[in-house]
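The structure appears right after this line, and notes come after that.
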Amino acid sequence: MDYSAKLIEPQNTIALIKAHDFSFKKRFGQNFLIDSHVLDKIIRGAEIGKEDAVLEIGPGIGTLTQALCEAAGEVTAVEIDRDLIPILEKTLAAYDNVRIINEDILKLDLSAISEKPLKVVANLPYYITTPIIMGLFESGAPLLSITVMVQKEVADRMQATPGGKDYGALSLAVQYYAEAEIIANVPPNCFIPRPGVGSAVIRLTKHTAPPVQPKDEKFMFRLIRAAFAQRRKTLVNTLRNDSSLSYSREQLETVLAAMGLPAAVRGERLSLAEFAELSDRLMALS
Ligand code: SAM
């Protein structure tokens, strides 16, 4: 077995998997990339250079990691599956700028990963895309960008604007923290095994300052979550139904009227700037 072989070539991935008798674990969202064009697009899209520190979430057998080690200054690869660690130690043996951590990314202290601000690059496990992205943004760890493969539908939600069916709490969180750009659409045949859904690579470039400055960011996101908890209801009704908020119907309708919004407006109509204004106006009442 030639462990220095580039795993992006499907025959090398297949040979490695056979040699190690590795069985894919669905519960960890394991779909390994085997398309060199997509790999190039990820590396180019992530704009990585030798001055950069990269965090890779879920290196798998090390396919993307090999390319990241060649492009970046330092790479930290966090993999939950214990069975993959001995494989990674072999497929990445040629690189001295990589650190492999056997851990659940959702439990890791991200601020301890590097002295430098991070560029996150990953082919994400789809079952935890949203908690990973939200965890990265909310961790407060210094981040420059997040370039990730996600389910196509999730990429669309991240980029959605008010009024559409894809618009929701994730769209607003992404807008608040970053500029989103879809870099590539990726069909299922670019992976082993093939996922049941289409995928897309999206780059989220962190804002230096958020586009709105609500007085209390946490409160604004509480309102956003409440607003989309029951999409079909009016904003007033969803906010009235949230037990952690205690505004009367009259108070809510008065605030909406002051913002020039109808009493029966739904949350999906409000922009980020409007949620920030709503948040400040409601806080002023308490
Ligand atoms: N990077 C590889 C590639 O592109 O071929 C593998 C990508 S695969 C879609 C997702 C990887 O994330 C798997 O290796 C899986 O074991 C790992 N993973 C799943 N849940 C994880 C978690 N909570 N923390 C860290 N890694 C995780």
Side-chain angles (χ1 to χ4, degrees), residues 5-17 20 22-43 45-46 48 54-72 75-92 95 98-110 113 118-136 139 141 146-152 154-155 183-184 186-202:
K6 294 281 177 283
L7 295 163
I8 199 63
E9 300 304 330
Q11 69 274 18
N12 295 337
T13 282
I14 292 165
L16 183 81
I17 282 164
H20 284 263
F22 178 78
S23 357
F24 292 94
K25 298 181 187 77
K26 222 174 168 175
R27 70 177 190 283
F28 286 150
Q30 292 176 344
N31 300 94
F32 297 163
L33 190 64
I34 47 156
D35 186 290
S36 60
H37 299 293
V38 175
L39 180 71
D40 290 346
K41 282 187 187 165
I42 298 174
I43 299 291
I48 296 163
V54 169
L55 165 64
E56 187 192 5
I57 299 160
I61 52 175
T63 313
L64 176 57
T65 331
Q66 290 179 330
L68 290 171
C69 288
E70 281 170 20
V75 178
T76 303
V78 180
E79 175 55 61
I80 197 170
D81 186 353
R82 192 171 354 111
D83 295 344
L84 288 168
I85 306 304
I87 300 181
L88 284 167
E89 279 162 0
K90 291 191 172 116
T91 59
L92 301 174
Y95 305 101
V98 63
R99 183 164 53 128
I100 304 162
I101 302 179
N102 182 204
E103 195 37 288
D104 178 345
I105 189 67
L106 298 178
K107 294 189 181 147
L108 205 67
D109 174 9
L110 297 171
I113 285 187
L118 294 170
K119 289 189 176 174
V120 176
V121 186
N123 171 14
L124 286 181
Y126 294 172
Y127 73 108
I128 43 168
T129 301
T130 301
I132 290 177
I133 300 286
M134 293 309 296
L136 287 169
S139 70
I146 304 175
T147 305
V148 280
M149 179 89 70
V150 297
Q151 206 174 315
K152 170 78 174 85
V154 175
I183 288 172
V186 183
N189 62 5
C190 295
F191 306 88
I192 299 181
R194 293 179 185 199
V197 291
S199 303
V201 180
I202 190 163

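Sequence positions, counted from 1, serve as the residue numbers for this chain. Atoms within each ligand, like the ligands themselves, are counted from 1 in listed order.
- In terms of protein heavy atoms, atom 24 (N) of ligand 1 is closest to Ile105 N, 3.0 Å.
- Looking only at protein heavy atoms, the nearest one to atom 19 (C) of ligand 1 is Phe28 O, 3.1 Å.
- The atoms of ligand 1 that sit less than 4.0 Å from any heavy atom of Val78 are 25 (C), 26 (N).
- For Glu103, the closest heavy-atom approach to ligand 1 falls below 4.0 Å.
- Considering both main-chain and side-chain atoms, Asp81 never comes within under 3.5 Å of ligand 1 through any nitrogen or oxygen pair.
- The Gly29 neighbourhood of ligand 1 comprises atoms 8 (S), 9 (C), 10 (C), with distances under 4.0 Å to a heavy atom of that residue.
- Side-chain contact, Glu70 with Tyr95: a donor N or O sits under 3.5 Å from an acceptor N or O.
- Of the protein's heavy atoms, Asn123 ND2, 2.9 Å lies nearest to atom 4 (O) of ligand 1.
- Close approach of ligand 1 to Asn31 (heavy-atom distance below 4.0 Å) involves ligand atoms 7 (C), 8 (S), 9 (C).
- Taking a 4.0 Å cut-off on heavy atoms, Leu106 fails to register as neighbouring ligand 1.
- The protein atom (non-hydrogen) at minimum distance from atom 23 (N) of ligand 1 is Asp104 OD1, 2.9 Å.
- Among protein heavy atoms, the minimum distance from atom 20 (N) of ligand 1 is reached at Tyr127 OH, 2.9 Å.
- Residues Leu124 and Ile133 are in side-chain contact: their nearest non-hydrogen atoms beyond the backbone lie under 4.5 Å apart.
- At the shortest separation from atom 14 (O) of ligand 1 among protein heavy atoms lies Glu79 OE1, 2.7 Å.
- Of the protein's non-hydrogen atoms, Gly58 CA, 3.2 Å is the one closest to atom 12 (O) of ligand 1.
- Taking a 4.0 Å cut-off on heavy atoms, Glu56 registers as neighbouring ligand 1.
- Assignment of Thr13 to the shell around ligand 1 is not supported, since no heavy atom sits closer than 4.0 Å.
- Nearest protein neighbour of atom 21 (C) of ligand 1, counting heavy atoms only, is Ile80 CG2, 3.5 Å.
- Between Leu108 and ligand 1 there is no heavy-atom distance shorter than 4.0 Å.
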